[in-house]
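Notes to accompany the following structure.
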Protein chains: 2
Amino acid sequence: MAKRPPTIPDSELDVLKVLWERGQATVREALETLKAAGREWSYATVATLLDRLETKGLVESDRKELAFVYRPTISSQEVRRRRVTSLVDKLYEGEPGLLVLHLLKSHPLDPGQAMEVREILDQMAGAKPKKKG
Amino acid sequence: MAKRPPTIPDSELDVLKVLWERGQATVREALETLKAAGREWSYATVATLLDRLETKGLVESDRKELAFVYRPTISSQEVRRRRVTSLVDKLYEGEPGLLVLHLLKSHPLDPGQAMEVREILDQMAGAKPKKKG
DNA sequence: CCCATCCTAAGACAAGTGTCTCAGAACGTC
DNA sequence: GACGTTCTGAGACACTTGTCTTAGGATGGG
C-alpha cells in the first residue's frame with residue numbers, strides 16, 4: 001500500500017519556504033532568514049523542524065565544513081498541489097471547479113489575471129483533452 | 001486582540017458536515033449518518049468530537065428529551081472561506097488570483113463550469129469597480 | 001422493584017506539533 | 001593546550017488530535 005504523504009505542519013512549511021527561496025541553507029542561515037521574516041525562533045527550534053522534515057523525506061542534508069546544509073527534495077509546486085487537492089476533497093466534493101467558482105465570486109481578479117484566465121479558458125476550449133507533447 | 005479562529009481538525013470537520021446536512025443531530029444520529037458514510041467510529045468518539053466543537057463555539061446544543069441535540073453555529077461557507085484564506089495566505093502569497101490560475105492550469109474545467117467562469121469574468125469586467133450602480 | 005438500555009461525564013492514552021534546554025564534539029585562536 | 005564559539009544529538013514538556021473505556025444517571029418494560 002502506498003503510505004500516504006506526510007503532513008506538513010505550518011511551522012515546517014515556513015522552514016521549507018526558506019529552502020525554496022534560497023535553494024539550500026544551514027540551520028543558522030535558515031534561522032536568520034526566518035528572523036528577518038518575523039519568525040522569532042531559537043536555533044534549536046529551526047534545527048528540530050529541519051530534522052523532522054528530513055525524517056519525512058522532504059529535505060536532505062549533507063555536511064559542508066562544520067555544519068549540515070539542507071536542501072528541499074519536494075517542490076513548492078508539489079506541496080501546493082497536495083494542499084489544494086486536500087482542500088478540494090474535504091470541502092468542495094472533490095470538484096476543483098467549485099473552488100474556482102467560489103474564488104472568483106468572493107475575490108475579484110485584477111484585470112491582468114482576468115485576462116490570463118480568459119486565455120486559459122480559450123485554450124481549454126480549443127484543445128483536445130491533453131495528450132502529452 | 002481578536003483571538004484567532006479555532007482550528008478545525010478533519011475529524012471534527014466530518015462531524016460538522018453531518019450537522020450541516022441534517023440541520024441538527026444527536027450523538028446517535030450523527031453516529032448513524034457517519035457510519036452510513038463509511039466512518040466507523042464508536043459512540044464515544046462522536047460524542048467527544050461534538051463536545052470539542054462545542055468548546056470551540058462551533059456548535060451549540062440543548063437537551064431534547066433524553067439526549068442533547070447539536071446544531072452548527074458556523075456555516076459551511078464560513079469554514080470554506082477560512083480554509084481558502086489560510087491556503088492562499090500560506091502558499092499563494094495572499095493572492096487568490098494565483099490559486100485560480102493554478103487550479104485552471106492543473107484541472108481542466110468541464111464546459112458548464114467554464115461557461116460559468118466566463119460569465120463571472122464578464123460581469124466583473126462590466127462592473128466598474130466600486131460605486132453601486 | 002429490577003434490569004436492560006441509552007445517555008452524559010470524565011478521562012485515558014498514543015501520536016503529532018510547537019518550542020526549548022542541555023550536554024558534548026569540533027574548530028579557531030592565542 | 002585551555003577557551004569561547006558553533007554545531008549536533010538527545011530529549012523534555014505542554015498542547016492538540018484521534019480514538020476509546022469506564023462509571024454512573026435517567027428511563028421504560030415487565
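Just so it is clear, the model here is predicted, and its values are computed rather than measured. Residue numbering restarts at 1 for every chain, and letters A, B, ... go by the order of the sequence lines.
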inquiry  = Looking at A:Glu93, I'd like to know if its CD atom is crowded, meaning that more than 12 non-hydrogen atoms belonging to other residues, nucleotides or ligands lie closer than 6.0 Å.
reply    = no
Distance check needed: [N] [atom2] versus [X] [atom1], whole Å only.
| X | N | atom1 | atom2 | answer |
| --- | --- | --- | --- | --- |
| A:Glu54 | D:dT8 | CD | C1' | 12 Å |
| A:Phe68 | D:dT6 | CZ | P | 19 Å |
| A:Lys64 | D:dT6 | NZ | C1' | 19 Å |
| A:Glu40 | C:dT19 | CD | P | 12 Å |
| A:Trp41 | C:dT19 | CH2 | P | 6 Å |
| B:Arg63 | C:dC6 | CZ | C1' | 11 Å |
| B:Asp51 | D:dC20 | CG | C1' | 15 Å |
| B:Tyr70 | C:dC7 | OH | P | 11 Å |

query = Counting just side-chain N and O atoms, does B:Tyr43 come under 4.0 Å of either OP1 or OP2 of D:dT19?
reply = no
ask   = Between C:dC20 and A:Thr45, is there an OP1 or OP2 to side-chain N/O distance shorter than 4.0 Å?
value = yes
Within the distance-only criterion (no hydrogens, no angle test), does the side chain of [X] pair as donor or acceptor with the backbone N or O of [Y] below 3.5 angstrom?
| X | Y | value |
| --- | --- | --- |
| B:Arg63 | B:Leu66 | yes |
| B:Thr26 | B:Val69 | no |
| B:Arg80 | B:Arg83 | no |
| A:Lys17 | B:Leu91 | no |

query = For every nucleotide of nucleotides 23-30 of chain D, 5' to 3': is a protein heavy atom under 4.0 Å from its base (B), only from its sugar-phosphate (S), or from neither (-)?
reply = ----S---
query = What pair of heavy atoms forms the shortest contact from A:Ala47 to A:Val27, and how long is it?
reply = N-CG1, 3.9 Å
key: Path from B:Met115 to B:Val117 over hydrophobic side-chain contacts below 4.5 Å   = no
task = Give a yes or no on whether A:Leu87 and B:Trp20 share a hydrophobic cluster (residues Ile, Leu, Val, Met, Phe, Trp, Tyr; joining criterion: side-chain heavy atoms under 4.5 Å apart).
result = yes
For DNA chain C, the residues among residues 13-27 of chain B that have a non-hydrogen atom under 4.0 Å from it = B:Val27
message = Expected output is a numbered-order residue list: members of residues 28-39 of chain B with a heavy atom under 4.0 Å from any atom of DNA chain C. What is it?
response = B:Arg28
inquiry  = Whether the B:Ser61 and B:Glu54 side chains hold a donor-acceptor pair (N or O, under 3.5 Å, no angle test) is what I'd like checked.
reply    = yes
inquiry  = What's the closest nucleotide to the side chain of B:Ala67 if the choices are D:dC20, C:dT8, C:dT19?
reply    = C:dT8
message = Under the criterion salt bridge (Lys or Arg N to Asp or Glu O under 4.0 Å), I'd like the reasoning laid out for A:Arg22 against A:Glu29: C-alpha separation, chi angles, the key distance, then a yes or no.
response = CA-CA 10 Å; A:Arg22 318 187 26 136; A:Glu29 289 164 348; 3.7 Å; yes
Can you check nucleotides 11-17 of chain D for protein contacts, nitrogen or oxygen pairs under 3.5 Å, and list what you find?
{"from": "D:dT17", "atom 1": "OP1", "to": "B:Thr7", "atom 2": "OG1", "distance (Å)": "2.6"}
{"from": "D:dT17", "atom 1": "OP2", "to": "B:Lys56", "atom 2": "NZ", "distance (Å)": "3.2"}

key: Criterion side chain to side chain contact (heavy atoms under 4.5 Å, CB included) on B:Arg118 and A:Asp122, from CA distance to verdict   = CA-CA 10 Å; B:Arg118 282 172 195 281; A:Asp122 290 345; 3.2 Å; yes
Side-chain donor-acceptor pairs of residues 103-114 of chain A under 3.5 Å, sequence neighbours excluded:
{"from": "A:Ser106", "atom 1": "OG", "to": "A:His102", "atom 2": "O", "distance (Å)": "2.7"}
{"from": "A:Asp110", "atom 1": "OD1", "to": "A:Gly112", "atom 2": "N", "distance (Å)": "3.1"}
{"from": "A:Asp110", "atom 1": "OD1", "to": "A:Gln113", "atom 2": "N", "distance (Å)": "3.0"}

Steps toward salt bridge (Lys or Arg N to Asp or Glu O under 4.0 Å) verdict (A:Lys35, A:Glu32) = CA-CA 5 Å; A:Lys35 194 158 284 177; A:Glu32 294 312 326; 5.4 Å; no
key: Under the salt bridge (Lys or Arg N to Asp or Glu O under 4.0 Å) test, residues paired with B:Glu60 that sit two or more places apart   = B:Arg71
